[in-house]
**Student:** 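Take this structure, written in structure tokens, and hold onto it; I'll ask about it next.
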Amino acid sequence: MIVDKWIPFFIMWGIPLFMMIRAYRKMDEKDRKSARKDFRSPGFIFTFGFLGLGLFIIQIGDILLIDIFKLIGIILLLVSAITMFFITWKEDSKIKSTIFLLLVITSIYFLY
């Protein structure tokens, strides 16, 4: 286990998580229901949910020096990237979706 990697990990994940929780608590009940509904939708889970979870698991695997965690995180990243590729391909532009997929594949190459 590498102790020097814990501080950037807590800064990188702690500050945004704290800010999201604080913003959620400031919302009124109608906005909270809408946020919960959006976060539970399959589109969000298979895109941004798997992307964030994959990056989190990869970092945990890197800190604890466990390669299976990194592999699980990479699989989640791939599922997220492929889902985002098809969604962007249908809704937006083909060039943006291809560039996004290439960036995720390049980042996976450097992460593993």
Side-chain angles (χ1 to χ4, degrees):
M1 182 167 64
I2 301 172
V3 179
D4 293 345
K5 291 188 177 184
W6 282 105
I7 294 172
F9 175 79
F10 283 124
I11 292 172
M12 185 176 137
W13 290 98
I15 293 173
L17 185 64
F18 171 75
M19 293 175 75
M20 286 175 27
I21 290 171
R22 190 177 72 174
Y24 180 77
R25 288 184 182 211
K26 287 183 178 180
M27 291 181 185
D28 60 354
E29 190 58 36
K30 183 179 177 184
D31 290 336
R32 284 184 185 184
K33 274 187 178 179
S34 175
R36 283 192 301 260
K37 181 182 172 192
D38 290 341
F39 287 151
R40 291 179 183 164
S41 70
F44 181 84
I45 292 171
F46 284 105
T47 55
F48 295 108
F50 279 3
L51 182 71
L53 184 62
L55 290 172
F56 182 79
I57 291 174
I58 287 172
Q59 277 196 320
I60 291 291
D62 193 33
I63 290 171
L64 299 176
L65 301 174
I66 301 174
D67 286 335
I68 192 73
F69 281 4
K70 290 171 78 173
L71 184 63
I72 292 169
I74 287 172
I75 291 170
L76 290 173
L77 275 178
L78 279 175
V79 169
S80 171
I82 292 169
T83 306
M84 284 185 178
F85 172 77
F86 285 120
I87 289 173
T88 309
W89 186 278
K90 280 189 341 187
E91 294 176 0
D92 206 12
S93 76
K94 293 162 182 33
I95 294 172
K96 284 182 184 178
S97 62
T98 307
I99 290 172
F100 174 76
L101 188 62
L102 290 174
L103 285 173
V104 170
I105 290 171
T106 305
S107 67
I108 288 172
Y109 173 77
F110 286 115
L111 285 171
Y112 202 71

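We count residues from 1, following the sequence as given.
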**Student:** Can you tell me if Tyr24 has over 12 outside heavy atoms packed within less than 6.0 Å of its OH?
**Tutor:** yes

**Student:** Using the rule that two of Ile, Leu, Val, Met, Phe, Trp, Tyr join whenever any of their side-chain heavy atoms come within less than 4.5 Å, decide whether Leu76 and Leu101 are in one cluster.
**Tutor:** no

**Student:** If you round to the nearest 0.5 Å, how far is CD1 of Ile63 from CG of Asp4?
**Tutor:** 10.5 Å

**Student:** Check Val104 against Ser107 and note the closest heavy-atom contact, atom names and distance.
**Tutor:** O-OG, 2.7 Å

**Student:** Find the distance between CD1 (Ile57) and CG (Leu77) and round it off to the nearest 0.5 Å.
**Tutor:** 9.5 Å

**Student:** Are Ile21 and Phe18 connected in the hydrophobic side-chain network, where two residues link if heavy atoms are under 4.5 Å apart?
**Tutor:** no

**Student:** I need the minimum non-hydrogen distance between Ser97 and Trp89, along with the two atoms involved.
**Tutor:** OG-CE3, 3.2 Å

**Student:** Hey, could you give me the CG/CD1 distance between Asp62 and Ile60, rounded to the nearest 0.5 Å?
**Tutor:** 10.0 Å

**Student:** Would you give the length of the straight line joining atom CD1 of Ile75 to atom CD1 of Ile58, rounded to the nearest 0.5 angstrom?
**Tutor:** 10.0 Å

**Student:** Decide side-chain contact (heavy atoms from CB on, under 4.5 Å) for Leu55 and Trp13; before the verdict, give the C-alpha distance in whole Å, the side-chain angles of both, and the deciding distance to 0.1 Å.
**Tutor:** CA-CA 10 Å; Leu55 290 172; Trp13 290 98; 4.2 Å; yes

**Student:** Is there a continuous path of hydrophobic side-chain contacts, each under 4.5 Å between heavy atoms, that joins Ile74 to Ile45?
**Tutor:** yes

**Student:** Parallel under 30°, tilted from 30 to 60°, perpendicular over 60°: which one fits the rings of Phe50 and Phe46?
**Tutor:** perpendicular

**Student:** So, taking the atom named CG in Asp28 and the one named NZ in Lys33, what distance separates them when rounded to the nearest 0.5 Å?
**Tutor:** 11.0 Å

**Student:** Could you tell me whether a side-chain N or O of Arg32 sits under 3.5 Å from a main-chain N or O of Arg25, the two making a donor and an acceptor?
**Tutor:** yes

**Student:** Hey, are the side chains of Phe56 and Gln59 touching, using non-hydrogen atoms and a 4.5 Å cut-off?
**Tutor:** no

**Student:** Give the minimum heavy-atom separation between Ser80 and Leu51, together with the two atoms involved.
**Tutor:** OG-CB, 3.4 Å

**Student:** Should the heavy atoms of other residues, nucleotides or ligands under 6.0 Å from CZ of Phe100 be counted, would the total exceed 12?
**Tutor:** yes

**Student:** Are Asp67 and Leu71 close enough that some pair of their side-chain heavy atoms sits under 4.5 Å apart?
**Tutor:** no

**Student:** Counting only heavy atoms not in Phe48, do more than 12 sit closer than 6.0 Å to its CZ atom?
**Tutor:** no

**Student:** Assess whether side-chain contact (heavy atoms from CB on, under 4.5 Å) is satisfied between Thr98 and Phe85, documenting all intermediate values.
**Tutor:** CA-CA 7 Å; Thr98 307; Phe85 172 77; 4.1 Å; yes

**Student:** Any chain of hydrophobic side-chain contacts (each under 4.5 Å) joining Ile68 to Ile108?
**Tutor:** yes

**Student:** Mind checking the CZ-CG spacing from Arg36 to Asp31? Nearest 0.5 Å is all I need.
**Tutor:** 11.0 Å

**Student:** Between Phe9 and Trp6, is the ring centre distance below 6.0 Å?
**Tutor:** yes

**Student:** Following the transitive rule for hydrophobic clusters with a side-chain heavy-atom cut-off under 4.5 Å over Ile, Leu, Val, Met, Phe, Trp and Tyr, establish whether Met12 and Leu53 coincide in one cluster.
**Tutor:** yes

**Student:** Flag yes if more than 12 heavy atoms outside Lys96 fall under 6.0 Å of its NZ atom; otherwise flag no.
**Tutor:** no

